[in-house]
Amino acid sequence: MSGPAAPPVPAEDRRSTGSVTARALSLLGAFTPDRASLSCSDLARRTRLPLSTVHRLAGDLVTWGALERDADGRLRIGLHLWEVTSLVPHALQLRESALPFLADLSLATQENALLAVPEGPDVVLTEWVAGRAAVPVTLRVGGRMPVHATSAGLVLLAHAPVGVQDQVLGGPLPRLTDRTITAPDRLRRVLADIRCRGHAVSDRMVHPDSLSVAAPVVDAGGRVVAALSLVVRAGSTDAAAVAPLVLAAARGAGRELRRCGDGSRSVRPSAPGLTTG
C-alpha cells in the first residue's frame with residue numbers, strides 16, 4: 001500500500017539548483033567569522049536562492065537548532081549544531097589526546113598553544129589554549145590558517161603528499177608581512193629543512209609581532225595527522241629555546257593518541273597518504 005503523496009515542490013525550488021539538503025547546507029555555509037549574523041535577505045544574496053526558499057529552509061533549521069534568531073530577528077549558527085559537530089569522533093580523540101599537552105605547554109611558557117589539522121591545501125585550527133602573558137592573536141576554533149606562513153601550516157605542508165605541495169606552491173602565496181615566503185622554490189627548501197629538523201619556525205611571517213614554532217603529531221600509522229605549535233611575541237625569546245618544549249608536547253600528544261586507540265582513525269586528512277615523509 002503506497003504512502004501519502006509527497007507535497008508538491010514549490011516552483012522556486014524547482015528552479016533552484018541542488019537538493020533541499022544542498023540548499024540548506026548552503027545557508028549554513030554562508031556564515032563566516034566576519035558575517036556571523038545574517039538576515040534572510042543577506043542569505044538570499046549570498047546563496048543566490050529565492051527569498052521564499054531561504055525563509056522556509058531557515059525556519060526548518062531554526063526549529064532543529066542549526067540556526068537561531070537574535071533579538072533583531074537576524075540568524076546565526078545555533079548551539080545544537082555546535083553540539084553535534086563537537087561529537088565528530090576523529091577530531092574528538094585527537095583533541096582529547098593533545099589538550100593536556102597544550103595546557104602544560106601554555107602553562108610553562110604563558111604563551112598561546114595551538115593544535116591544527118590538514119584540510120586539503122588548508123590548515124584548520126581545532127584547539128588552542130591561551131597563555132596569560134601571550135601575544136594578542138585572532139584565533140577561532142574551526143578557523144583556517146595560512147598554510148605557507150604559519151608554523152603549523154608549514155609542518156603539515158612539509159609532510160603532505162607531493163600533489164598537495166604542488167597545489168599549494170603552484171597557487172597564490174599571499175604576502176602577509178614583508179617576511180612571508182612567497183617564492184615557491186624557497187618554500188620547497190624550507191619544507192625540506194623542516195623534515196630534517198623535525199619542527200618549523202614562522203618568524204613574523206603572519207604578523208610583525210609574532211613568532212611561532214610547530215612540531216608534527218604522528219599517529220599509529222606513522223602519519224602526521226596534526227601540528228602542535230606555540231605562538232610567542234617576536235623578540236621575546238629565541239625559537240631554538242622553545243623548540244624542545246614544542247617537540248616534547250607534540251611527541252606526548254602522539255603517544256597519547258596511539259595509546260587511546262587506533263591512531264590511524266583519529267583524523268581523516270583530506271589528502272590521503274599524509275606520512276612522516
Side-chain angles (χ1 to χ4, degrees), residues 88-106 108-109 111-129 141 144-168 187-202 212-231 239-240 242-277:
V88 176
H90 307 117
L92 183 62
Q93 185 175 338
L94 175 61
R95 290 173 61 197
E96 289 180 345
S97 299
L99 189 56
F101 298 94
L102 289 172
D104 286 348
L105 182 61
S106 179
T109 61
E111 304 287 357
N112 293 315
L114 320 177
L115 184 71
V117 298
E119 178 66 26
D122 299 320
V123 179
V124 177
L125 179 67
T126 58
E127 189 61 83
W128 73 293
V129 177
V141 171
R144 294 178 182 266
M145 301 190 297
V147 67
H148 69 294
T150 58
S151 61
L154 289 170
V155 160
L156 294 171
L157 186 60
H159 297 291
V162 173
V164 174
Q165 293 183 6
D166 290 342
Q167 181 182 355
V168 172
L187 192 53
R188 285 190 189 277
R189 293 193 294 271
V190 168
L191 298 179
D193 185 56
I194 291 169
R195 289 190 291 271
C196 291
R197 289 187 302 168
H199 70 278
V201 177
S202 172
S212 65
V213 179
V217 176
V218 183
D219 73 0
R223 300 182 307 164
V224 173
V225 293
L228 190 150
S229 67
L230 185 74
V231 182
V242 298
L245 299 176
V246 176
L247 283 162
R251 286 194 293 266
R255 283 195 306 271
E256 183 64 17
L257 182 63
R258 296 188 291 271
R259 187 190 68 81
C260 289
D262 181 5
S264 66
R265 293 199 305 265
S266 58
V267 168
R268 179 180 55 82
S270 295
L274 200 61
T275 68
T276 53

Shortest non-hydrogen separation from [X] to [Y] and the atoms involved:
X	Y	result
Val155	Ala227	CG1-CB, 4.0 Å
Leu154	Leu187	CD2-CD1, 3.7 Å
Ala158	Ile194	CB-CG2, 3.8 Å
Glu127	Arg95	OE1-NH2, 2.9 Å
Ala116	Ala152	CB-CB, 4.0 Å
Ser229	Ser151	CB-OG, 3.7 Å

Problem set entry | Leu105 vs Val242, side chain to side chain contact (heavy atoms under 4.5 Å, CB included): CA-CA, chis, key distance, verdict | CA-CA 10 Å; Leu105 182 61; Val242 298; over 6 Å; no
Euclidean distance, [Y] [atom2] relative to [X] [atom1], rounded to 0.5 Å:
X	Y	atom1	atom2	value
Gln165	His148	CD	NE2	15.0 Å
Leu156	Asp122	CG	CG	11.0 Å
Arg251	Leu228	CZ	CG	11.5 Å
Leu247	Arg197	CG	CZ	10.0 Å

Would you say the side chain of [Y] lies within less than 4.5 Å of the side chain of [X], judging by non-hydrogen atoms?
X	Y	value
Leu230	Thr109	yes
Arg258	Arg255	yes
Thr150	Leu114	no
Val231	Glu111	no
Pro100	Glu256	no

For this session: Go through Leu115 and Leu102 one step at a time and tell me if the side chain to side chain contact (heavy atoms under 4.5 Å, CB included) criterion holds.
Result: CA-CA 8 Å; Leu115 184 71; Leu102 289 172; 3.9 Å; yes
Problem set entry | Any residue meeting salt bridge (Lys or Arg N to Asp or Glu O under 4.0 Å) with Arg188, in chain and number order, not counting sequence neighbours | Asp166
